[in-house]
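Structure, as structure tokens:
A, B, ... follow the sequence lines: proteins, then strands. Residue 1 opens every chain.
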Amino acid sequence: MKYIDEFRDRAKAETLVVEINRLIEKIAPPAPLAIMEVCGGHTHSIFRYGIEGMLPPEIELVHGPGCPVCVLPMGRIDDCLAIADRSEVILTTFGDAMRVPGSRGSLLQAKAAGADIRMVYSPMDALALARKNPDRELVFFGLGFETTMPSTALTVLQAEREGIRNFSVFCNHITIVPTIKAILDSPGLHIDAFLGPGHVSMVTGISPYHFIADYYRRPFVIAGFEPLDVLQSIWMVLKQIAEGRCQVENQYGRVVPEKGNIPALAAVARVYELREFFEWRGLGSIDQSGVRFREEYAAFDAERKFTVPNVKVADPSVCQCGEVLKGAIKPWQCRVFGTACTPENPLGALMVSSEGACAAYFQYGGVPKRVPEHA
Amino acid sequence: MCLGIPGQIVRIDDEENLLATVDVCGVRRKVNIACIVEDGEPIAACIGVWVLVHVGFAMARIDEDEAIETLRMLEELAEMQDELRAMSEPDPAQAAE
């Protein structure tokens, strides 16, 4: 496959590993360097290709909060189920969201119990269902970071153009920058550098991240998702550390333009506005980290069209998702990892999506040979 | 959901709604190309363009030159390593003495 196979080349990966080791020798860090990959897509690649095992012990990869399915709080799933319970509603969403547990089960369980819930590949497929079923209310459970935000916005704009009235979105889109800031401000949590989210950045461009390098003084390298991309990005991070630089660099130039995607950003700005705050599973409430529909698009807002309970539900007390999300513990150090919480029966959201750190550890046998030391 | 996949635009299906068919490893699917159409360029010019597809939307044009540049840089790194390795090997002339 073009643009994929050439970025999985073993010889080039070995070259990069040699360079990474050379730089680590030069830096000689007193404690392992904590490099956080912000995006769940990177977490998935790191496990799928066994990248952790190729790296010297002086590098610790910390798996960040960038899996939109994993950070959805239970209360939002409950609200979604309340909408799906209505007999006139057909609820649609991406496959990843089907198994996220709410306090009274997941969408998949509600579907088995008779609710009309359907999996779609694209929000445009949900709109097509609205056209086909004019006597039903079609609700799309929209979630994701800036990567998927434009697709939902463009679908709503298309519905507006066609005058489709039986289509709305339960909007759970979130934005990554306030969350990185929350992590950087989190006491007792030290991250030395970041691998930046490639596909979020393809939409936002690279300017939103400058404060991380300029103000927080951390190297930030926007990374692609193939193994060579991830390794090269780690190498670029180390090069910055070795040379005493803190910059935003773009390893994924073939996909990420400096200015981002202008039409996508225009659609996002037209349809959404920032919420004052949004609740994240495991991380709590983060200011201005989510979006909702602007007043002009209220007719497409499922939260305004239907009443939702909007109840805050605490995560199961045995779950340690929050600590894993912040990188404070490794997935396998959670007290229910692989026992009460498995991909088949997830208790915590990190076990649900293939982009979640726990599911990745579980699926690819990620319990490492070396145990990082904890103070 | 967040993993995109590269594909090539093979046909424009609906100019007004900016829908095109993309070939992803032999699988063909209709996608929205509103985000990658360039101002002042005829839509037909998108045929043959490689894009990254996310949930039914082409979200970026893939820049071939940038892809080649990344790989070229890695090749240079490998050449440098070979050179260093060759330098650190004992000189055969001296070894023969």
Side-chain angles (χ1 to χ4, degrees), chain A residues 1-4 6-7 9 11-12 14-16 18-19 39-41 44 66-69 94-97 120-125 143-145 147-148 150-151 154-155 157-158 161 197-200 202-203 224-225 228-229 232 235 251-257 261-264 267 353 355, chain B residues 1-8 13-14 16-20 22-27 29-39 48-85:
Chain A
M1 277 192 291
K2 193 169 160 149
Y3 296 118
I4 292 185
E6 57 274 46
F7 292 94
D9 179 81
K12 286 195 179 70
E14 281 162 6
T15 302
L16 279 165
V18 169
E19 289 305 311
C39 175
H44 184 84
C67 163
V69 170
F94 299 131
D96 301 30
V120 288
Y121 162 69
S122 164
M124 292 298 260
D125 297 343
L143 74 169
F145 288 98
T147 319
T148 52
S151 59
L154 286 162
T155 304
L157 292 171
Q158 178 74 24
R161 264 197 304 278
H199 291 150
V200 165
M202 136 189 106
V203 174
F225 295 88
L228 288 187
D229 293 322
Q232 190 185 13
W235 173 68
Q251 180 276 334
Y252 201 27
R254 67 185 184 276
V255 166
V256 176
N261 189 309
I262 312 275
S353 162
E355 290 167 33
Chain B
M1 170 200 349
C2 299
L3 295 174
I5 185 153
Q8 191 173 27
D13 298 288
D14 181 344
E16 202 191 322
N17 292 310
L18 298 170
L19 296 175
V22 168
D23 183 304
V24 179
C25 319
V27 176
R29 144 115 214 170
K30 216 173 263 185
V31 305
N32 182 303
I33 56 165
C35 292
I36 59 101
V37 174
E38 276 167 14
D39 278 346
V49 167
W50 280 83
V51 292
L52 197 77
V53 180
H54 267 266
V55 299
F57 287 74
M59 292 304 301
R61 286 176 185 242
I62 300 177
D63 187 328
E64 171 128 49
D65 294 341
E66 285 281 349
I68 291 168
E69 176 60 25
T70 302
L71 294 169
R72 190 193 58 80
M73 216 214 60
L74 293 178
E75 263 151 34
E76 274 183 16
L77 215 53
E79 280 166 27
M80 196 192 72
Q81 278 179 13
D82 288 345
E83 201 118 316
L84 285 173
R85 213 170 288 136

Q: With a 4.5 Å cut-off on heavy-atom pairs, point out which of A:Asn261, A:Val200, A:Ile262 contacts chain B the most.
A: A:Asn261
Q: Under 4.5 Å, counting heavy-atom pairs only, tell me which of A:Ala264, A:Ser151, A:Pro263 racks up the most with chain B.
A: A:Ser151
Q. What heavy-atom pair brings A:Pro68 and A:Leu143 nearest, and what distance separates the two atoms?
A. O-CD1, 4.2 Å
**Q.** Contact class of A:Gln251 relative to chain B, heavy atoms under 4.5 angstrom
**A.** both
Q | Contact class of A:Leu228 relative to chain B, heavy atoms under 4.5 angstrom | A | side chain
(Q) Looking at B:Glu69 and B:Arg72, is there a salt bridge between them, counting it only when a charged N and a carboxylate O are closer than 4.0 Å? (A) yes
Q.
Among residues at least two apart in sequence or on other chains, which ones pass side-chain contact (heavy atoms from CB on, under 4.5 Å) with B:Glu66?
A. A:Arg254, B:Asp63
(Q) Only pairs of heavy atoms separated by less than 4.5 Å count here; which of B:Val24, B:Leu77, B:Asp39 has the most with chain A? (A) B:Leu77
Q) chain B heavy atoms under 4.5 Å from A:Val203: which part of the residue, side chain, backbone, both or neither? A) side chain
Q) Between B:Ile62 and chain A, which part of the residue has a heavy atom less than 4.5 Å away: side chain, backbone, both or neither? A) both
Q) Who wins among A:Met1, A:Glu14, A:Glu19 for the most heavy-atom pairs under 4.5 Å with chain B? A) A:Glu19
(Q) Let's test your reading of the structure: which of B:Gly56, B:Cys25, B:Gly7 forms the most heavy-atom pairs below 4.5 Å with chain A? (A) B:Gly56
Q) Going by the angle between their ring planes, with limits at 30° and 60°, are B:Trp50 and A:Tyr3 parallel, tilted or perpendicular? A) perpendicular
Donor-acceptor contacts, no H, no angles, side chain residues 29-37 of chain B, under 3.5 Å, sequence neighbours left out:
unit_1  : atom_1 : unit_2   : atom_2 : d
B:Arg29 : NH2    : A:Asp125 : OD1    : 3.0
B:Asn32 : OD1    : B:Ala34  : N      : 2.8

Q | Derivation of the ring-ring contact (aromatic ring centres under 6.0 Å, His included) call for A:His199 and A:Phe225 | A | CA-CA 9 Å; A:His199 291 150; A:Phe225 295 88; 4.4 Å; yes
Q. A:Gly198, A:Pro197, A:Pro123, A:Gly95: which one forms the most heavy-atom pairs within less than 4.5 Å of chain B?
A. A:Pro123
Q: Ignoring hydrogens and angles, tell me if any N or O in the side chain of A:Thr15 forms a donor-acceptor pair with the backbone of B:Glu75 under 3.5 Å.
A: no
Q. Chain A heavy atoms under 4.5 Å from B:Leu18: which part of the residue, side chain, backbone, both or neither?
A. neither
Q) Side chain of A:Gln232, backbone of A:Asp229: donor and acceptor closer than 3.5 Å? A) no
Q | Region of B:Gln8 that comes under 4.5 Å of a non-hydrogen atom in chain A | A | neither
